[in-house]
Participant: 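Have a look at the structure that comes next, please.
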Amino acid sequence: MEQEKRILLVDDDSSFTDLYSAVFNNFGFKYSVAQNGAVALETASQEKPSLLLLDVMLADMNGFEVLKKLKSNPETKDIPVWMITNLAEQVNRETASSLGASDYLVKSSYTPKQVCEKIKKFFGS
């Protein structure tokens, strides 16, 4: 049986994660939340999510460092990572892409519902 699709949302802004948690519940997504990079790396390694949504600005290490570590670990290198951030600059987009992120979403450009629609498409459901 195919493993259940699961999302790991990594963001240290609790109002953002609360908002997304509510919308994920509406869409029926299974998900976990990590408030910082260290927890994200541990959770990704344990849960092997189908998709990881990663903020760039985290308290302990930035999202690019987390991405680099995820992609260099054989256990987590195949997990698709979408950066979801307030940083709209092209240079950040390019950095994310060069480190292996599959997508780069600027928070102000997408409503949580639009992000969930995108995830549904990605999951093929």
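All values below come from the heavy atoms of this structure, side chains included, with hydrogens, waters and symmetry mates left out.
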Participant: Test of understanding: with side chain to side chain donor-acceptor pair (under 3.5 Å), list the residues that count as partners of Asp11, not counting sequence neighbours.
Facilitator: Lys107
Participant: What residues, two or more places apart in sequence or in another chain, satisfy salt bridge (charged side-chain N to carboxylate O under 4.0 Å, His left out) together with Glu42?
Facilitator: none
Participant: Work out which heavy atom in Phe122 is nearest to a heavy atom in Ser50; give both atom names and the distance.
Facilitator: CE2-O, 3.8 Å
Participant: Once you round to the nearest 0.5 Å, how far does CG of Leu52 lie from CG of Leu67?
Facilitator: 9.0 Å
Participant: List the atom of Ser98, the atom of Thr95, and the distance in Å for their closest heavy-atom pair.
Facilitator: OG-O, 2.8 Å
Participant: Checking Tyr104 now: which residues fulfil ring pair (Phe, Tyr, Trp, His ring centres under 6.0 Å) with it, not counting sequence neighbours?
Facilitator: none
Participant: Which value, rounded to the nearest 0.5 Å, describes the distance between Asn26 atom CG and Cys116 atom SG?
Facilitator: 8.5 Å
Participant: Looking at residues at least two apart in the chain, or sitting in another chain, which of them share a side chain to side chain donor-acceptor pair (under 3.5 Å) with Lys30?
Facilitator: none
Participant: Examine distances only and state if a side-chain atom of Thr43 and a backbone atom of Ala40 form a donor-acceptor pair shorter than 3.5 Å.
Facilitator: no
Participant: Tell me the closest heavy-atom pair linking Ala44 and Pro49, and the distance in Å.
Facilitator: O-CD, 3.6 Å
Participant: Got a sec, which residues hit side chain to side chain donor-acceptor pair (under 3.5 Å) with Glu94, two or more places apart in sequence or on another chain?
Facilitator: Gln90
Participant: Can you name the residues that form a side chain to side chain donor-acceptor pair (under 3.5 Å) with Asp60, not counting sequence neighbours?
Facilitator: none
Participant: Evaluate side chain to side chain contact (heavy atoms under 4.5 Å, CB included) for Leu54 paired with Phe64, printing each intermediate quantity in order.
Facilitator: CA-CA 9 Å; Leu54 179 60; Phe64 296 134; over 6 Å; no
Participant: How many angstroms lie between CD in Gln46 and CD in Glu75, if you round to the nearest 0.5 Å?
Facilitator: 9.5 Å
Participant: Which residues, ordered by chain and number, are linked to Val39 in its hydrophobic cluster, where ILVMFWY side chains connect at heavy-atom gaps below 4.5 Å, directly or through other members?
Facilitator: none
Participant: Would you indicate whether Lys118, at its atom NZ, is surrounded by more than 12 heavy atoms from other residues, nucleotides or ligands within a distance under 6.0 Å?
Facilitator: yes
Participant: Going by side chain to side chain contact (heavy atoms under 4.5 Å, CB included), name the residues that satisfy it together with Ser21, two or more places apart in sequence or in a different chain.
Facilitator: Tyr31, Val33
Participant: Is there a path of hydrophobic side-chain contacts, each under 4.5 Å between heavy atoms of I, L, V, M, F, W or Y residues, that connects Val66 with Leu105?
Facilitator: no
Participant: For Lys69, check side chain to side chain contact (heavy atoms under 4.5 Å, CB included) against everything at least two apart and list the hits.
Facilitator: Leu41, Met61
Participant: Specify the closest pair of heavy atoms between Pro112 and Val23, including all atoms of both residues, with the distance to one decimal.
Facilitator: CB-CG2, 3.6 Å
Participant: If we only count heavy atoms from C-beta on, is the Phe24 to Leu19 side-chain gap below 4.5 Å?
Facilitator: no
Participant: Please list, chain by chain and in numerical order, all residues satisfying salt bridge (charged side-chain N to carboxylate O under 4.0 Å, His left out) with Lys113, sequence neighbours excluded.
Facilitator: Glu117
Participant: Can you name the nearest heavy-atom pair linking Asp12 to Ala59, along with the distance?
Facilitator: OD2-N, 2.9 Å
Participant: Give the table of side-chain donor-acceptor pairs shorter than 3.5 Å for residues 82-89, with sequence neighbours excluded, one pair per line with atom names and distance.
Facilitator:
| from | atom 1 | to | atom 2 | distance (Å) |
| --- | --- | --- | --- | --- |
| Thr85 | OG1 | Leu87 | N | 3.1 |
| Glu89 | OE1 | Asn92 | ND2 | 3.0 |

Participant: Does Leu70 share a hydrophobic cluster with Val56, counting links as ILVMFWY side-chain heavy atoms below 4.5 Å and allowing steps through other members?
Facilitator: yes
Participant: Using side chain to side chain contact (heavy atoms under 4.5 Å, CB included) as the criterion, list what pairs up with Gln114, not counting sequence neighbours.
Facilitator: Tyr110, Thr111
Participant: Taking the side chain as everything from C-beta on, heavy atoms only, tell me whether Ser32 gets closer than 4.5 Å to Leu8.
Facilitator: yes
Participant: Would one find more than 12 heavy atoms of other residues, nucleotides or ligands at under 6.0 Å from atom NZ of Lys68?
Facilitator: no
Participant: Tell me whether Phe27 is reachable from Phe123 by hopping between hydrophobic residues (I, L, V, M, F, W, Y) whose side-chain heavy atoms are closer than 4.5 Å.
Facilitator: yes
Participant: Looking at side-chain heavy atoms only, is the closest gap between Arg93 and Val106 below 4.5 Å?
Facilitator: yes
Participant: Can you measure from OG1 (Thr76) to CD (Glu47) and round to the nearest 0.5 angstrom?
Facilitator: 13.0 Å
Participant: For the atom pair CG (Leu99) and OG (Ser72), what is the distance rounded to the nearest 0.5 Å?
Facilitator: 10.0 Å
Participant: Carefully, step by step, assess Val10 and Asp55 under the rule side chain to side chain contact (heavy atoms under 4.5 Å, CB included).
Facilitator: CA-CA 6 Å; Val10 186; Asp55 189 15; 5.9 Å; no
Participant: With side chain to side chain contact (heavy atoms under 4.5 Å, CB included) as the criterion, how do Phe29 and Lys5 come out once you've worked through the C-alpha distance, each side chain's angles and the decisive distance to 0.1 Å?
Facilitator: CA-CA 8 Å; Phe29 291 149; Lys5 304 261 189 251; over 6 Å; no
Participant: Please report the interatomic distance CG(Asp13) to OH(Tyr20), rounded to the nearest 0.5 Å.
Facilitator: 11.5 Å
Participant: Can you name the closest pair of heavy atoms from Gly37 and Leu58 and give their distance?
Facilitator: N-CD1, 3.9 Å
